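Below is one structure, written out as structure tokens, with a few remarks after it.
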Amino acid sequence: MAIEKIVVVDDELMIRKALETQLRNKRYSVASTGNLKGARKILARDSFDLVFLDLRLPDGEGTDLLEEIMAKADGPMVVMMTGYGSVESAVSCMQMGAFDYVVKPFSFDQIEVVVDKVASFDKMRRVTKYYVEESDSRSSDIVGESNPVKALKTLVDKVAKTEATVLISGENGTGKELVARELYRNSLLAKQPYIRVNCAAISETLMESEFFGHEKGSFTGATERREGRFELADGGTILLDEISEISPALQAKLLRVLQEKEFERVGGNKTIQVKVRVLATTNRNLLEEVKAGKFREDLYYRLNVFPISVPPLRDRDEDILLLAKTFLVRHKTRHGIEKISFSPSCEKAIIAHEWPGNVRELENAVERAVILADAGKPLHGELLGLGHLSNIKPAEEVTPSLASEVESIEEIEKMHITKILQKCDGNKTHAAKKLGLNVRTLRNKIKQYEIEN
Ligand SMILES: Nc1ncnc2c1ncn2[C@@H]1O[C@H](COP(=O)(O)OP(=O)(O)OP(=O)(O)O)[C@@H](O)[C@H]1O
Ligand SMILES: [Mg+2]
């Protein structure tokens, strides 16, 4: 339930008390006041989800407070209360950002309908925010015709429908997240939220709050109450990405959520119950981690209800070219570049190359080549960073302009990193993500190439 705390602001005592009592009976926590001053005090004290606000108050207009609330990014939703005579002003309040209005006298049924509407809108808003943050525009179909990938696709189709917990393992860049998204998209919960937590990217201290949310003031920096990812995912699916990275303390808490389906927010004592399908990924061998005493065995078995392992690219050579061509189309479209294709020798070099970074490395190499390519000329191996396989590549294929401007793969890489860094306004985290590098590697390269940043 997303709506918990409500403020009622009305100077008519009867209305205020009636509303307050009825909301309390429905187990909302309610604060009430008869004027703007009181309302400001209440709102400063705690974070609220919803305010019922009267238009005319003894010490000013409800719209003044509405404006203040709307100026805050994460403020509560506001429902105006108004008499018959001032419906027009209530409508203009909605233009200012109020969610809805009710006309006095109202029945409690009306109030319930409004609160439900606010709750579902609020949830949608929050979930969409994460959804947009987490999903990118890439088409997420699993590409591949090799036997291991065919088997993978069949398994994904079957398991998707079961709502079982799935542990997806595989080397870096093999497509674990892609598999997770496919499981979600083909599941019965495909219209429900899909929330991802990257367990490797968040510091241990913030992780618990990220998972379970926190109450206002529960630690320095917790200026507002916040729902965790498990709460946001309620009714839907959560992806615990890189699950091996979580601390022992959090492993214990996670076990409880998986077993009992309940938890408390950081700093809170209310037990929250959720129904969430759990998907997890790992690039470590979790069983080895269990043996080494780094990962709880009971948690491992809870997660490993249905194991799916994503094969590395070296076990599916037949897919390499198909993937490369898919990425070529994807990135040509993305960068608005037409008419480029791989030269035949380039295709050979792509297949011959070992791709330790798997599909991600291949995709990044193709994207880099698309960016660096000269329009109308076929892509050659050097642009993909495969220059050292020069015996495969005939000399005339090196684009003259590029050959004279840049001397080596390092130069190309330097150019590319510089360009991406500029695109990301110098933000190394974003740039590293785009480049498919981790931030530390990017920092090292910036140093190595003496890129100004
Ligand atoms: N079979 C595939 N078909 C199409 N695209 C793929 C495939 N496998 C991976 N990709 C693409 O490769 C990139 C890396 O995949 P993904 O992020 O799923 O890998 P990962 O295993 O989670 O990597 P990491 O271990 O680095 O987190 C993504 O852009 C994804 O869309
Ligand atoms: Mg991943």
Side-chain angles (χ1 to χ4, degrees), residues 133-157 160 166-186 194-202 237-246 278-286 289 303 307-335 350 353 355-371 384 420 429-430 432-442:
E133 271 176 16
E134 296 298 355
S135 67
D136 56 23
S137 53
R138 298 173 183 201
S139 135
S140 59
D141 292 339
I142 300 173
V143 174
E145 292 302 327
S146 63
N147 285 335
V149 170
K150 276 191 195 148
L152 177 71
K153 288 198 232 181
T154 312
L155 196 58
V156 165
D157 276 349
V166 182
L167 180 63
I168 306 158
S169 57
E171 292 175 19
N172 280 333
T174 43
K176 297 183 293 295
E177 266 176 82
L178 181 69
V179 166
R181 204 170 303 162
E182 284 295 293
L183 283 170
Y184 160 72
R185 291 200 330 169
N186 291 306
Y194 177 63
I195 303 288
R196 170 177 167 252
V197 203
N198 184 348
C199 305
I202 307 163
T237 306
I238 195 165
L239 170 63
L240 306 173
D241 208 8
E242 312 284 356
I243 188 75
S244 58
E245 304 308 306
I246 66 170
V278 176
L279 306 176
T281 76
T282 175
N283 56 24
R284 291 178 201 260
N285 182 331
L286 261 199
E289 298 289 297
L303 289 169
I308 291 187
S309 111
V310 188
L313 211 43
R314 64 179 172 279
D315 291 348
R316 40 174 161 138
D317 284 350
E318 308 100 285
D319 292 335
I320 295 181
L321 201 55
L322 184 60
L323 282 163
K325 287 188 171 168
T326 308
F327 298 140
L328 183 64
V329 173
R330 184 184 289 181
H331 293 291
K332 276 196 322 194
T333 316
R334 179 180 284 184
H335 296 284
I350 290 172
H353 186 67
W355 298 94
N358 290 299
V359 189
R360 184 192 303 288
E361 188 193 356
L362 173 61
E363 177 168 9
N364 290 342
V366 173
E367 178 170 21
R368 201 151 51 217
V370 168
I371 295 170
L384 277 117
I420 297 293
T429 316
H430 288 173
K433 204 168 170 193
K434 264 196 177 331
L435 290 160
L437 300 171
N438 70 37
V439 181
R440 199 178 328 128
T441 314
L442 176 60

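Fair warning: this is a prediction, and the values are worked out from it, not measured in the lab. First listed ligand is number 1; within each ligand, the first listed atom is number 1. Just so you know, residue 1 is the first one in the sequence shown, and it goes up from there.
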Which pair of heavy atoms, one from [X] and one from [Y], lies closest together, and at what distance?
| X | Y | value |
| --- | --- | --- |
| Ala160 | Leu183 | CB-O, 3.5 Å |
| Leu362 | Ala324 | CD2-N, 4.0 Å |
| Asp319 | Val149 | OD2-CG2, 3.2 Å |
| Arg316 | Pro311 | NH2-O, 2.7 Å |

For [X], atoms of ligand 1 separated by under 4.0 Å from a heavy atom:
| X | result |
| --- | --- |
| Asn172 | 25 (O) |
| Ile142 | 1 (N), 3 (N) |
| Glu177 | 17 (O), 18 (O), 22 (O), 27 (O) |

Legend entry - Partner residues of Thr282 under the side-chain hydrogen bond (donor to acceptor under 3.5 Å, both in side chains) criterion, sequence neighbours left out: none
Taking both backbone and side-chain atoms of [X], is any N or O found less than 3.5 Å from an N or O belonging to ligand 1?
| X | value |
| --- | --- |
| Gly173 | yes |
| Leu178 | yes |
| Leu323 | no |

Inset, instruction - With atom 13 (C) of ligand 1 as the reference point, say which of Glu242, Glu182, Glu363, Lys153 has the nearest heavy atom. - result: Glu363
Legend entry - Per atom 19 (O) of ligand 1, closest listed option by heavy atom (Ser146, Gly175, Gly144): Gly175
Pair [X] + [Y]: basic N to acidic O under 4.0 Å:
| X | Y | answer |
| --- | --- | --- |
| Glu245 | Arg284 | yes |
| Glu363 | Arg360 | no |
| Asp141 | Arg185 | yes |

Legend entry - Per-residue contact class, Asp141 against ligand 1 - non-hydrogen pairs under 4.0 Å: backbone
Strictly under 4.0 Å, does any heavy atom of [X] approach an atom of ligand 1?
| X | result |
| --- | --- |
| Thr174 | yes |
| Arg330 | yes |
| Thr281 | no |

Legend entry - Sum of protein N, O or S atoms, each under 2.8 Å from the Mg ion (ligand 2): 1
Inset, instruction - State whether the side chain of Asn358 and the backbone N or O of Pro312 hold a donor-acceptor pair below 3.5 Å, judged by distance alone. - result: no
Inset, instruction - Report yes or no: does Lys176 contribute a side-chain atom to a donor-acceptor pair with the main-chain N or O of Glu171 at less than 3.5 Å? - result: yes
Inset, instruction - Find out whether Arg368 and Leu384 are in side-chain contact, i.e. whether some heavy atom of one side chain is under 4.5 Å from a heavy atom of the other. - result: no
Inset, instruction - If the plane angle is over 60° it's perpendicular, under 30° parallel, otherwise tilted; pick one for His331 and Phe327. - result: tilted
